[in-house]
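Since this is a predicted model, take the numbers as computed values, not measurements. Side chains are part of it too, since the values below use all heavy atoms of this structure and drop only hydrogens, waters and symmetry mates.
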Amino acid sequence: MTEGSVRARIAPSPTGDPHVGTAYVALFNRTLARQTGGQFLLRIDDTDRSRYQASSEQKIFDALRWLGLDWDEGPDIGGPCAPYRQSERNAIYQQKVDQLLECGSAYRCFCSADTLAKAREQQKQDKMRPGYPGTCRDLDRVESSQRAAQEEPHVIRLRVPAEGETSFVDQIRGEIRVANSEIDDQVLIKSDGFPTYHLANVVDDIEFGITHVVRAEEWLISTPKHVLIYQALDHPLPRFFHVPLLRNADHSKISKRKNPVSLDWFREQGYLKEAILNFLALMGWSPPDEEEVFDLDRFQQEFNIEKISTGAPVFDLVKLDWINGMHIRRMEPQVLLQRLADEGFLPPAVSREDAATILPLVTERMVRLAEFSDRTDWYFADPIAPTSEQLIPKKGTQETSLCALEGASELFAAISPFEPAAIEAALAQLLDQHSLKKPQLFMPLRWALTSRQDSPDLIEVIAVLGKDRSIERIQRALEILVTAP
RNA sequence: GGCCCCAUCGUCUAGUCAGGUCUAGGACAUCAGGUUUUCAUCCUGAUAACAGGGGUUCGAAUCCCCUUGGGGUCACCA
């Protein structure tokens with residue numbers, strides 16, 4: 001089904017932040033291309049000048065590259081089919097549309113947008129299917145050319161056959177058939193001279209030699225229009241794969257009102273690119289061996305695009321969190337450290353050595369990279385002092401806490417060298433000597449040293465802080481306890 | 001509303017195309033235990049689904065039809 005060399009593409013619109021859906025579709029396209037030794041192209045779909053945002057294009061490049069979804073041909077790196085920005089390809093669309101005009105597959109329409117909007121409203125009121133009324137469909141060709149020559153504003157529309165039906169095979173869903181009477185005479189060229197998505201997409205896919213069109217399901221219903229354009233241009237169809245749309249919890253199409261959708265957001269939160277890709281891959285596809293944590297390489301080995309499921313997956317961050325944690329824990333410590341640094345999650349004043357020391361203590365507790373600083377701030381600077389309430393555990397009293405902290409302070413002072421085994425022995429001795437229960441010793445110490453309820457293993461905390469800082473903080477806690485009411 | 005797509009645990013899914021091996025498997029989440037100095041990790045277990053109704057068949061989660069539900073789309077946006 002997918003034999004031969006695949007040329008696949010994505011065509012994001014530079015209209016805002018890089019979207020998670022773009023990454024989702026890019027992942028499938030790129031993987032499919034790579035699997036066959038083919039090419040994955042990036043085309044910028046900037047034909048909508050009103051929604052165009054200049055900064056968006058670079059952000060899309062950056063986000064996709066960050067994810068590791070790099071492309072073989074694109075606006076920034078060029079390629080044999082350049083240019084890869086649709087706004088720079090107008091001459092080609094013009095030429096193709098002339099061809100369509102010539103053979104009668106397209107025609108000029110001089111109706112104003114306003115007129116048409118009113119007509120649509122009327123149709124709705126009359127409970128008719130809203131659509132182009134066909135006013136200019138049979139305009140005399142000579143007259144049409146003359147009006148165009150006099151620069152009368154107009155669009156160019158596709159002449160959809162009134163009878164019959166148009167069908168194609170979607171490789172994921174099977175044959176799709178739509179009655180031509182249901183297909184509107186789609187605008188091909190807008191009055192500003194730019195092509196619509198429908199025309200530009202087909203022309204470019206032909207020009208670029210795209211063999212496999214993998215895109216979101218929202219395009220399924222407009223594919224018959226594209227098929228008609230391919231036919232009018234006398235070009236064979238590529239293979240179509242409409243992958244399910246990512247959903248909000250209420251099952252509506254994923255939107256920024258109900259979900260984080262910006263790839264930048266995920267990066268800022270400290271989600272690993274590996275985890276994002278892994279999670280996205282699991283939306284609609286499942287690995288044959290049930291091992292759900294994997295990297296891009298293995299995905300490329302196992303992925304079969306025809307096995308993508310048809311159901312619409314709810315984009316649920318809870319599982320992403322789990323996957324992210326798994327990838328964090330599976331990463332080599334040096335690699336994780338480097339990543340933390342690269343992604344800007346190491347506090348500015350922190351040395352690489354210090355970070356390397358503390359990182360192993362929090363690795364298994366981190367869900368997202370952004371948590372690093374919060375979970376380790378006690379190590380880099382003295383935290384806000386704990387309160388007396390915090391220093392007295394539920395199972396303890398002021399007595400037991402005083403006893404624990406005083407004892408620890410004394411014993412620690414005598415330890416040399418200050419190493420985990422010796423610290424552990426000292427704590428064991430304290431427990432024994434004063435008949436303290438473990439929480440009665442450990443919790444006051446934990447609060448005294450880290451000012452938090454949940455910390456890494458206490459012995460490691462003490463060892464990493466060192467003798468002086470540990471004793472200092474214990475003393476500080478003792479003062480708080482003594483002066484407590 | 002018309003058209004198109006879809007329908008297995010709360011969520012992601014396996015199984016559906018080639019009907020029996022499915023008293024429906026896995027993962028996340030949840031709950032209960034275990035390990036344990038907290039949190040987390042890790043380990044064990046539990047709860048939890050074939051939307052409904054008709055067919056076809058010896059036999060249906062799997063095939064067909066209807067209903068219901070959800071979604072998408074009906075722009076000079078992509």
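Rounded to whole Å, the distance from CD on A:Glu290 to P on B:C12 is 17 Å. Distance A:Asn180 CG to B:C74 C1': 16 Å, rounded to the nearest Å. Counting to the nearest Å, the P atom of B:U37 and the CG atom of A:Leu441 are 11 Å from each other. Between the CH2 atom of A:Trp219 and the C1' atom of B:C77 there is a distance of 8 Å, rounded to whole Å. In this structure, A:Arg247 places its CZ atom 13 Å from C1' of B:G69, rounding to the nearest Å. Atom CD1 in A:Ile189 sits roughly 16 Å away from atom C1' in B:A75 (whole-Å rounding). Rounded to an integer number of Å, the gap from CD1 of A:Ile308 to P of B:C12 is 15 Å. Taking atom CZ of residue A:Arg49 and atom P of nucleotide B:A78, one finds them 11 Å apart after rounding to whole Å.
For A:Ser286, no side-chain nitrogen or oxygen approaches OP1 or OP2 of B:A27 to under 4.0 Å. Close to B:C77, at under 4.0 Å from its OP1 or OP2, lies a side-chain N or O of A:Lys190. Not one side-chain nitrogen or oxygen of A:Thr310 sits closer than 4.0 Å to the OP1 or OP2 atom of B:C5. Residue A:Arg129 places no side-chain N or O under 4.0 Å from the OP1 or OP2 atom of B:C3. For the pair A:Lys319 and B:U13, the criterion of a side-chain N or O lying under 4.0 Å from OP1 or OP2 is not met.
Residue A:Ala312 is in sugar-phosphate contact alone, with no base atom involved, counting any heavy-atom pair closer than 4.0 Å across all strands shown. A:Ile176 comes within 4.0 angstrom of sugar-phosphate atoms only, judged by non-hydrogen atoms across all strands, and of no base. Heavy atoms of A:Arg120 sit under 4.0 angstrom from primed sugar atoms or phosphate atoms, though from no base atom. Within 4.0 Å (heavy atoms only), A:Pro456 reaches at least one base atom of the nucleic acid. Within the nucleic acid shown, A:Lys438 comes within 4.0 Å of sugar-phosphate atoms alone, with no base atom in reach, counting heavy atoms only. As judged by a 4.0 angstrom heavy-atom cut-off over every strand, A:Thr47 is placed among residues touching the sugar-phosphate backbone only. Using a 4.0 Å heavy-atom criterion, one finds that A:Lys124 contacts no nucleic acid atom at all. Within the 4.0 angstrom heavy-atom criterion, no nucleotide atom of any strand lies near A:Leu116. Within the nucleic acid shown, A:Pro313 comes within 4.0 Å of sugar-phosphate atoms alone, with no base atom in reach, counting heavy atoms only. Heavy atoms of A:Val155 sit under 4.0 angstrom from at least one base atom. Using a 4.0 Å heavy-atom distance criterion, A:Arg173 is classed as a sugar-phosphate-only contact. A:Ser13 comes within contact range of the sugar-phosphate backbone alone, with a heavy-atom separation under 4.0 Å but no base atom that close. Within 4.0 Å of A:Gly284, counting heavy atoms only, lie sugar-phosphate atoms of the nucleic acid but no base atom.
Checked for salt-bridge contact, A:Asp457 and A:Arg365 miss the test: no charged N lies under 4.0 Å from a carboxylate O. Using a 4.0 Å cut-off between charged nitrogen and carboxylate oxygen, A:Glu291 and A:Arg330 count as a salt-bridge pair. Using a 4.0 Å cut-off between charged side-chain N and carboxylate O, A:Asp454 and A:Arg452 make a salt bridge.
Remark: the A:Asp321 side chain and the A:Tyr271 side chain contain an N/O donor-acceptor pair separated by less than 3.5 Å. No hydrogens or angles considered: a donor-acceptor pair under 3.5 Å links the side chains of A:Arg215 and A:Thr223.
Rounded to a whole angstrom, the distance from the C1' atom of B:C77 to that of B:C17 is 37 Å. Taking atom P in both B:G52 and B:G69, the straight-line distance is 15 Å, to the nearest Å. B:A48 and B:U13: their C1' atoms are spaced 15 Å apart (whole Å). A distance of about 33 Å separates the C1' atoms of B:U68 and B:C31, rounded to the whole Å. B:C63 and B:G70 have their P atoms separated by 24 Å, given to the nearest Å. Across the C1' atoms, B:U47 and B:U30 are found 9 Å apart, a figure rounded to whole Å. With C1' as the reference atom, B:A60 and B:G55 are 11 Å apart, rounded to whole Å. Spacing of C1' atoms, B:C9 relative to B:A27, comes out at 12 Å, to the nearest Å.
Checking B:C39, B:C42, B:U37 against every side-chain atom of A:Arg365, the shortest atom distance belongs to B:C39. The A:Pro130 side chain lies nearest to B:G1 when the options are B:G2, B:G72, B:G1. Checked against B:U38, B:C77, B:C4, the side chain of A:Thr196 finds its nearest nucleotide in B:C77. Distances from the side chain of A:His198 to the nucleotides B:A78, B:G25, B:C39 place B:A78 closest. When distances run from any side-chain atom of A:Asp48 to the nucleotides B:G26, B:A78, B:C39, the shortest one goes to B:A78. Distances from the side chain of A:Ser252 to the nucleotides B:A40, B:U38, B:G72 place B:G72 closest. When the nucleotides B:U37, B:G72, B:A78 are ranked by their closest atom to the side chain of A:Asp45, B:A78 comes out on top. Between B:C42, B:U38, B:C76, one nucleotide has an atom nearer to the side chain of A:Val187 than all others, and that is B:C76. With B:U37, B:A27, B:A78 as the candidates, the nucleotide lying closest to the side chain of A:Arg51 is B:A78. Distances were taken from every side-chain heavy atom of A:Glu217 (C-beta onward) to each of B:C76, B:C5, B:U73; the shortest belongs to B:C5.
Pair assignment for B:A51 gives B:U67, based on Watson-Crick or G-U wobble hydrogen-bonding distances that are each under 3.5 Å. Across all strands shown, B:U11 forms a Watson-Crick or G-U wobble pair, both distances under 3.5 Å, with B:A27. Across all strands shown, B:C3 pairs with B:G72; the Watson-Crick or G-U wobble distances both stay below 3.5 Å.
In this structure, A:Phe279 has its ring center under 6.0 Å from that of A:Phe315.
Side-chain atoms of A:Glu292 come within donor-acceptor range of the base of B:G26, with a qualifying N/O pair under 3.5 Å.
Looking at A:Asp184 and A:Val160, their side chains never come closer than 4.5 Å, going by heavy atoms from C-beta outward.
Taking for each of A:Leu220 and A:Gln86 the nucleotide of RNA chain B with the nearest heavy atom, the 5'-most of the two is the partner of A:Leu220. When the nearest nucleotides of RNA chain B are assigned to A:Ala11 and A:Ile459 by heavy-atom distance, the more 5′-ward of the two goes with A:Ile459.
A stacked arrangement is not assigned to A:Trp322 and the six-membered base ring of B:C28, the conditions of a centre distance below 5.5 Å and an interplanar angle below 30° not being jointly met.
Within the cation-pi definition used here (under 6.0 Å to the ring centroid, within 45° of the axis), A:Arg9 does not qualify as a partner of A:Phe208.
The aromatic rings of A:Phe240 and A:His242 lie parallel to each other, their planes meeting at an angle below 30°, with 60° marking the opposite boundary.
Remark: side-chain polar atoms of A:Thr450 are paired, donor with acceptor, to backbone N or O of A:Arg446 under 3.5 angstrom.
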